[in-house]
Structure formats: C-alpha cells, structure tokens
Amino acid sequence: VPRLVLLPDAIADAQGTRPGHALLLDLDGRALTVLGAGPREHVSAPDAATVRLPDRLLIPGLVNAHAHLDLTALGPTPYDRDAGFHAWLDHVRAARETLDAPASVAEGVRRSLGGGVVALADIAGSDLTASIQLLRDSPLDAVVFAELFGLGERQSAALTRVASIADAFDPDARVRLGLQPHAPYSAGPTVYAAVALHARERGLPVSTHLAESRAERTLVAAAEGPLRGLLESLGLWTPEAAAHFGRHPSPVRALADDLPGAGWILAHVNDCADEDLPLLAEAGATVAYCPRASAYFHHPEDLGPHRFRDMLDAGVNVALGTDSVLNLPPDQADRLSPLDDARLLHRTTGAGDVLLPMLTTRGARALRLDEARFRFDPGPLAGLVAIDLSGTDPALDPWTRALRSDAPPEPLFPAPTRDAPAALQRLAARPDA
Ligand SMILES: [Zn+2]
C-alpha cells in the first residue's frame, strides 16, 4: 500500500498545531513522502488507504542535538550533590572501563528510535569506529563527534587526532564525522582553534560542552574553584595548562575568536551573560539545551533559569538534547527522547509552541540537514511520530495535551531496525474501511 491518508486528531510541526488536519503520504520502502496536508475533507486520493488514528497527535521525527549513546548501558545514575561533580566524573570514568561500547551504542540507537528520534548529534567518547558503523546500520541521520581532550602541552596529541579525523571526513555521508573538544576545562585553546579552522574551511561539524556550570566560569575567569581542584588531582594543572585560565570574563567569551562562522553546536550554555548573547547569535552557533541534564546537576539553582527564550529572541538557534542516559529519570530512561525534555520545560516554564521547532527544524539546522524534511511540507519526510492524547484535557490544544501527557512517543516511521517494517507499514496493511 504505497499511498495512505492518516486521520489523527491533529498534526503539529514547527509551523504550529493544526487540529482536524490529515496527511496524505507515499510510503515507498525506506522513503516517506508527504503528498499533502490539510483539513480532512480536502485530503484524499482515490487509491489511498485510510488509517484513522483516534486520540493521536502526529509530529515529524525528532532531532536530538546532544547525546552520548555510548554511555547508555550505564543506566540512570543518581547525582550526589554533596559529593559533587568530581565524584560523579570518577564514577563515570570507572564505569566506562567496564563498558561494552558497541553494545551500549546499539542500545542507545534502539532507545533513540523508541523515543521518536530520527537524527542526532552523538558524542562518541568510547569507540568512534563502532559508533559510526552502528549508526550507519541504523535508519538514523547522525553526526558522530570524536571527543578531544588535551590542555597545555597535551594539546599536540589532540591536534594529531584532529588532522586524522579531518582527513576521513566525507561531507556527503548520511552519518558524518565531527569534532568535539570536550569542554574548556579539558581542551585547550589550540585545540579549539584547530577545530574551528576545519569547520570553516571544510564544513566539518563541530561541537563542545560550554558554559555548563558555575565552576566552569570560576575556572575560566579566575583560574580557581572546584574544576581547578579536579585538574590538580588528575595531575593536569601544569604551568602550560594554567596559563589558559583567568583571562576571559565568561566561557562563551573565552571562545570569541573560535565561534564565528564555524557552525558550533554548544551543549548546555546554562551560564549566559547578556554580553554573551550577541556573540552566540552573530557566530551562527546552536545551543543544544538539555533541560533534564541541567536539572539533574542542579545548575538552575546555581545559575538561575536557562536563558533559552533570551537566546531565541537574540537570534540564537536553540535545539533540545537529552545528554546521556545517566542524567535521565529512571522512569523515562527506556527511551532517549528530547520530547521528555520539552515536557519538563513546559512544566517548569510554560513553554509551548516554541518547543516544536526546538525539537525538529532547529535541530536539523544544527546538524545541517534539510529542515523541510522535519516539517509536513510536501516532499520527503525524515520521520513520523504519534503521541497518545487520551487521558489529557480535551479543552486544551493538542500540542499542550501532548506536553502534559506522560505517554511514550509512538514512532511510526522509520522502522526500529533496517529489517523490520515501520509501524506505519503495519498500519497501512490493515486500513480502515
Ligand atoms: Zn554531554
């Protein structure tokens, strides 16, 4: 059944929510194409199968702008605020040693597809080759970022790695390589500059963790605080490394020379001064905001509420990310879905329509994918997700109901694996009369 008409309660994409609208789709093997979208009475085709989807809202496939699939097997891990970030990092480093990285990435792919995700930015901290291969075998669009560490005199080893990854970069691959200096407290300015150069000259996707915590600002601005203690304890606080710090007022401004024109995906930016906003906007950077990760580490209590609305108002592209499974509530960890981050933001800030592009087109822009594939425009569609609205207040608009629901997203397309039929194919095989 190649053509079908879907009749949900409503459809919603980055352009807004449309109650009573239907979709006319062409489902040809692994490709899904929107032929039409509009009020039910106007959407039909003589040879199309009709599928009713009562109590369902349909949205395009989601983009996860910041994930660590290789940590999936570690599972949700409580954060002990009194023991602090250092103890948490020690735990992760030790647990990672015992990890079967390929199996963990495969599980991350499964939970991403289960979360309605069709494209993601994955930080491959364990086994870059395995991550690339597993994502190539999956239906996901992805950028796999090689994680780079190195301060002071240790930067030269990172630069060698930068060069070899840049050599292997294929801009036309469905799963592309990218470069990710880990964070300003773990990668030095020479590494950031080299990565930015490859991004500008050859279009390599680039990402980093930036302005995540108050401790990061204390280190960058004053060369003091708990992150300095961490570096000292690891034997990394050498004179060369120490020379990077205490020179810039904020982590964002410490990268002022590296940000413009490189298309950075900046994970977190929980710490953002007024002076940082125009720099982020003019640089064309994306902030990959991970609300559940920020809450998990208690960053809003240290830094105030995240400034995603101010960023959007200033012209910064902001997309949503899940970060790793470690920071997810246990009852949400069987899926890796930024929809759950959007739901948290709705509960804590009342945000509504602004979250639809943050889950779809803004993430696509960050990954340099065609944004039209993440809207219900006529043409190819990257993915399709249903959300069960039953049990929510029918007086509210359908997207608000989806945000207030705890129902897991129901991925209709693509299929969970390359061999399996997509849920949409199963629906199409038994259409309504
Ligand atoms: Zn991260």
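Counting starts at 1 for both ligands and their atoms, in listed order.
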Open item on the list: Whether the side chain of Gln332 engages the backbone of Leu328 through a donor-acceptor N/O pair (distance < 3.5 Å, no angle test) should be reported.
Closed with: no
Task: the Zn ion (ligand 1) to nearest N/O/S of His68 below 2.8 Å - done: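 It does: His68 brings an N, O or S atom closer than 2.8 Å to the Zn ion (ligand 1).
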- [ ] Just to the nearest 10 degrees, tell me the angle at the Zn ion (ligand 1) spanned by His66 NE2 and Asp323 OD1.
- [x]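 Result: 90°, to 10°.
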Task: Residues, nucleotides or ligands: over 12 heavy atoms within 6.0 Å of Arg18 CZ - done: yes
TODO: May I ask you to check whether His68 and His182 place their ring centres under 6.0 Å from each other?
DONE: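 Distance test on ring centres: not under 6.0 Å, no.
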Open item on the list: Is it true that Thr33 and Asp26 share a donor-acceptor pair across their side chains at a distance under 3.5 Å?
Closed with: no
- [ ] For the Zn ion (ligand 1), find the closest N/O/S atom on His209 and give its atom name.
- [x] NE2
